[in-house]
A.B. asks: 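Quick one: structure below, then a few questions.
Note that this is a predicted model, so its numbers are computed, not measured. Only heavy atoms go into these numbers, but all of them, side chains included; no hydrogens, no water, no symmetry mates.
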Amino acid sequence: LFFSFLLRFIHRVKITDALFLYVLVRREVFDAIVMESSHFEYCIEFPIRIHKAGFAYIEIPSKEKPRIAGYSKVNVCSDGLRILWTLLKG
């Protein structure tokens, strides 16, 4: 929720959960924006780029269920820093 708050506060992006989202956009939006990220920070960069380019988007509400098997491959420190850096550089 921390990253979601920062995304809304810094970039005025209307997203409820920045790291677990489904965004509905037209195909031309994908063709018009240039993405740099290819990892977890993609979830942060994508709505920022859409918003800055002035495109309309819709967030499809979703709910993440508790993990029932396996383990998370997200590294809180390294991935968290990459996400934070992407959010701050906008």
Side-chain angles (χ1 to χ4, degrees):
L1 295 175
F2 174 70
F3 291 127
S4 301
F5 168 77
L6 287 179
L7 188 59
R8 288 189 304 267
F9 183 75
I10 295 171
H11 297 286
R12 302 292 184 226
V13 173
K14 295 177 182 168
I15 294 290
T16 56
D17 188 346
L19 299 180
F20 190 76
L21 75 148
Y22 294 100
V23 177
L24 182 64
V25 296
R26 294 186 178 272
R27 175 64 193 193
E28 55 264 18
V29 173
F30 286 102
D31 296 336
I33 61 174
V34 177
M35 297 293 296
E36 296 176 10
S37 304
S38 59
H39 299 302
F40 294 110
E41 67 272 14
Y42 189 94
C43 292
I44 297 290
E45 182 184 2
F46 188 65
I48 291 172
R49 299 260 183 193
I50 293 171
H51 183 73
K52 282 187 172 183
F55 289 111
Y57 61 92
I58 297 172
E59 179 186 13
I60 300 170
S62 58
K63 190 169 234 179
E64 190 173 9
K65 293 184 178 183
R67 185 180 302 275
I68 57 171
Y71 59 93
S72 175
K73 295 171 185 69
V74 177
N75 182 297
V76 174
C77 291
S78 63
D79 292 327
L81 287 174
R82 287 167 65 167
I83 291 168
L84 183 60
W85 173 248
T86 300
L87 198 150
L88 294 175
K89 75 176 183 170

A.B. asks: Report whether Ile44 and Phe2 are members of the same hydrophobic cluster (ILVMFWY, side-chain heavy atoms less than 4.5 Å apart, transitive linking).
C.D. replies: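 As far as the 4.5 Å side-chain criterion goes, Phe2 and Ile44 are connected within one cluster.
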A.B. asks: In Å and rounded to the nearest 0.5 Å, what is the CD1 to CZ distance from Ile15 to Phe5?
C.D. replies: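 CZ of Phe5 is found 15.5 Å from CD1 of Ile15.
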A.B. asks: When you group the ILVMFWY residues by side-chain heavy-atom contacts below 4.5 Å and let the links chain together, are Ile83 and Tyr22 in the same group?
C.D. replies: no
A.B. asks: For the ring-ring contact (aromatic ring centres under 6.0 Å, His included) test, which of Tyr57, Phe40, Phe30 pairs with Phe46?
C.D. replies: Phe30
A.B. asks: Hey, what do you get for CD1 (Ile33) to CD1 (Ile48), rounding to the nearest 0.5 Å?
C.D. replies: 11.0 Å
A.B. asks: Could you state the interatomic distance from CG (Leu87) to SG (Cys43), rounded to the nearest 0.5 Å?
C.D. replies: 12.0 Å
A.B. asks: Side chains of Lys14 and Glu59, heavy atoms from C-beta outward: is any pair under 4.5 Å?
C.D. replies: no
A.B. asks: Same cluster or not: are Val25 and Ile58 linked, directly or through other Ile, Leu, Val, Met, Phe, Trp or Tyr residues, by side-chain heavy atoms under 4.5 angstrom apart?
C.D. replies: no
A.B. asks: Okay, side chain of Glu41, backbone of Thr86: is any donor-acceptor separation there less than 3.5 Å?
C.D. replies: no
A.B. asks: Same cluster or not: are Val23 and Phe20 linked, directly or through other Ile, Leu, Val, Met, Phe, Trp or Tyr residues, by side-chain heavy atoms under 4.5 angstrom apart?
C.D. replies: no
A.B. asks: Return the minimal non-hydrogen interatomic distance between Ala18 and Ser4, and the atom names on each side.
C.D. replies: N-OG, 2.8 Å
A.B. asks: Can Trp85 be reached from Leu81 by stepping across I, L, V, M, F, W or Y side chains whose heavy atoms are under 4.5 Å apart?
C.D. replies: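 No, no single cluster joins them.
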A.B. asks: Between Glu45 (side chain only) and Met35 (backbone N and O only), is there a donor and an acceptor less than 3.5 Å apart?
C.D. replies: no
A.B. asks: Out of curiosity, Leu19 CG to Asp79 CG, how far, rounded to the nearest 0.5 Å?
C.D. replies: 10.0 Å
A.B. asks: Return yes when atom CZ of Arg27 has more than 12 non-hydrogen atoms of other residues, nucleotides or ligands closer than 6.0 Å, and no otherwise.
C.D. replies: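 Counting neighbours around CZ of Arg27, 12 or fewer heavy atoms of other residues, nucleotides or ligands fall under 6.0 Å, so no.
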A.B. asks: Nearest 0.5 Å please: distance from the CG atom of Leu7 over to the CG atom of Asp17.
C.D. replies: 10.5 Å
A.B. asks: Quick one: does any side-chain atom of His11 pair with a main-chain N or O of Lys52 as donor and acceptor, under 3.5 Å?
C.D. replies: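 Between the backbone of Lys52 and the side chain of His11 there is no qualifying donor-acceptor contact (under 3.5 Å).
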A.B. asks: What pair of heavy atoms forms the shortest contact from Tyr42 to Pro47, and how long is it?
C.D. replies: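 Closest heavy-atom pair between Tyr42 and Pro47: O-CD, 4.3 Å.
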